[in-house]
Amino acid sequence: MATTTAIDFTTVKLDAPLQLDSGRDLAGVEMAYESYGELAADKSNAVLIFHALTGDQFVAGTNPVTGRPGWWERMVGPGKPIDTNRFHVICANVIGSCLGSTGPASPGPSGQPYAMEFPVITIRDMVRAQMAMLDALGIARLHAVVGGSMGGMQALSCAANFPERTDRVLAIATTARHSAQNIAFHEMGRQAIMADPNWQGGSYYDGVAPAKGLAVARMAAHITYLSEEGLTEKFGRRLQDRPDGTQGAKSFGFDADFQVESYLRYQGLSFTDRFDANSYLYITRAMDYFDLAEEAGGLLADAFRRAKDTRFCLVSFDTDWLYTTADMREVVHALNAVAAPVSFVELSAPYGHDSFLLDVPALDRVVEGFLG
Amino acid sequence: MIGLRPDLAKIAEHVPGGARVLDVGCGDGTLMAELQGGKQCDARGMEIDPDQVAMAVSRGLSVVQGDANRDLADYPDGAFDVAILSQTLQTAQRPDWLLEQLLRVGREAFVSFPNFAYWRMRLALLHQGRMPISRHLPGSWYQTANIHHLTIADFREFLAQRGVNVSGSWFFANGKEIGGGNANWRAEHAVFQLSR
């Protein structure tokens, strides 16, 4: 975490404690956010983007933590589908995360990091924090909320719980409920973190972070973000060059022989430089608890009763097996039941769940067209 | 309504202003845009082709990608004042099911289809002995999307058997409206306004 503490995050402190779904209050919440493009005098052009599990507020431009382009650089910027010449785009780090917003690594009441004393949060709690942040920024109503994956869950939750805050909801590659399979993958990741001896019951902030566990969690999750077709195309069964320069030979050992192994190891390790293991536990838990129908008493349509005048656009990808077209159709069905104006399209893209972040021109057209 | 296909222009003309409309097989949303812009309708669409859906969404329309043969069942009873099925009935897997669904989700329905008994078709079949290919029914027998050919007489009988009311019918040949006399001979395609 040393690399991130040097960064000067833009933050806003929430006035009132957040009342959480768990029944607990979270006081002194700070929200780290970035904004792009001018806010119109009548404040009518604000677009709030919700990031995914391991995302952050640096949606466009250069991410000061990684030095790499923002995670949705291809979608957000001047002249891009979410055009910052027209829209005032806001993106905040979710609570529970580790890029400047209050999370398990933040100092708790004792002055020490919360660690596992941090309250378990939900997707709705994340949205509550974002709405309180908008209050602090003086923005009452948004032109649109936009999000992919966990960001899409927040977009749907925002529509269900705060329909008065937005005219449009654009939810991409997401679901209204975490399935048993989704929960299972997350549990595997959490167990990997908690099995790392460095985890120390979550109180590792004075010592060595459980990087091995977190890397394994990330490796497993990363597989779920890609399609079999995409992996085969990118790596197939190709072998790595050996350290001594020989090509394409099996080691008859347990080095990363296959390119796909090497890729996953790199994904796992590079992730541990920028992400806090406890944040990973808390955010995956929030996603697992997500079930909009359950929140509304069992019927998904009831969740959207107050959002019947909100315009929705839902997008899924044909190769996404994490949050499928069938998941999205359930949301479409519920929105039809309350007669909300909804658009839905399943786009064809080879990259699996990650398609929403990658080069899919049809997505650009839909996003641009829907935002109007 | 310049630029709309004649059957769509006729439908647009007869949809009441401000109506809640579902256009099944809406394509890129040309008719929806007309109804929404010109008649202040609340128009929704269903379309199976994702590129067409993307096009319609990019025009600011509310269109759901779906297969009418299956997904029409997702809409509640009477969800719309008007349900529209233009040039799609003959492509349906179960035209009878589709029509029932149309009259369930819409209080009123407009249906347009090509008339297989148009005299040029009859002549082509008589003279050549092969499945006719025309402007409204392009494509060879093995590649055509039109898997349930019907005639105006077939459709009238079908409606009568099911007790469906016909509150309007219009007929077209060579891109122009023609009178209703001998329509089953003379019309290239037809538009029906239906209700339960």
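Chain A is the first sequence line, chain B the second, and so forth, proteins listed ahead of strands; every chain is numbered from 1.
R59(B) does not touch chain A: none of its heavy atoms, backbone or side chain, sits under 4.5 Å away. When heavy atoms are compared at a cutoff of 4.5 Å, A54(B) approaches chain A by way of both its backbone and its side chain. Both the backbone and the side chain of V345(A) have a heavy atom closer than 4.5 Å to some heavy atom of chain B. Looking at D42(B), neither its backbone nor its side chain comes within 4.5 Å of chain A, counting heavy atoms on both sides. Heavy atoms of A301(A) lying under 4.5 Å from chain B are absent altogether. Only the side chain of V53(B) comes within contact range of chain A, with heavy atoms under 4.5 Å apart. For chain B, no part of E368(A) is nearby; none of its heavy atoms comes within less than 4.5 Å. Only the side chain of P76(B) comes within less than 4.5 Å of a heavy atom of chain A; its backbone N, CA, C and O stay farther away.
Side-chain atoms of N165(B) and S167(B) include no donor-acceptor pair closer than 3.5 Å.
In this structure, the ring of F356(A) has its center no less than 6.0 angstrom from the ring center of F317(A).
Comment: D167(A) does not engage R311(A) in a salt bridge, judged by the lack of any side-chain N to carboxylate O separation of less than 4.0 angstrom. The pair D7(B)-K10(B) does not meet the salt-bridge criterion, since no charged nitrogen lies less than 4.0 angstrom from a carboxylate oxygen. Salt bridge status for K176(B) with E188(B): absent, with no side-chain N to carboxylate O gap under 4.0 Å.
Taking chain B as the reference chain and counting heavy-atom pairs below 4.5 Å, the highest number among A337(A), A339(A), G372(A), C313(A) is found for A339(A).
Looking at V82(B) and L22(B), their side chains never come closer than 4.5 Å, going by heavy atoms from C-beta outward.
Heavy atoms from other residues, nucleotides or ligands lying under 6.0 Å from CZ of R177(A) number 12 at most.
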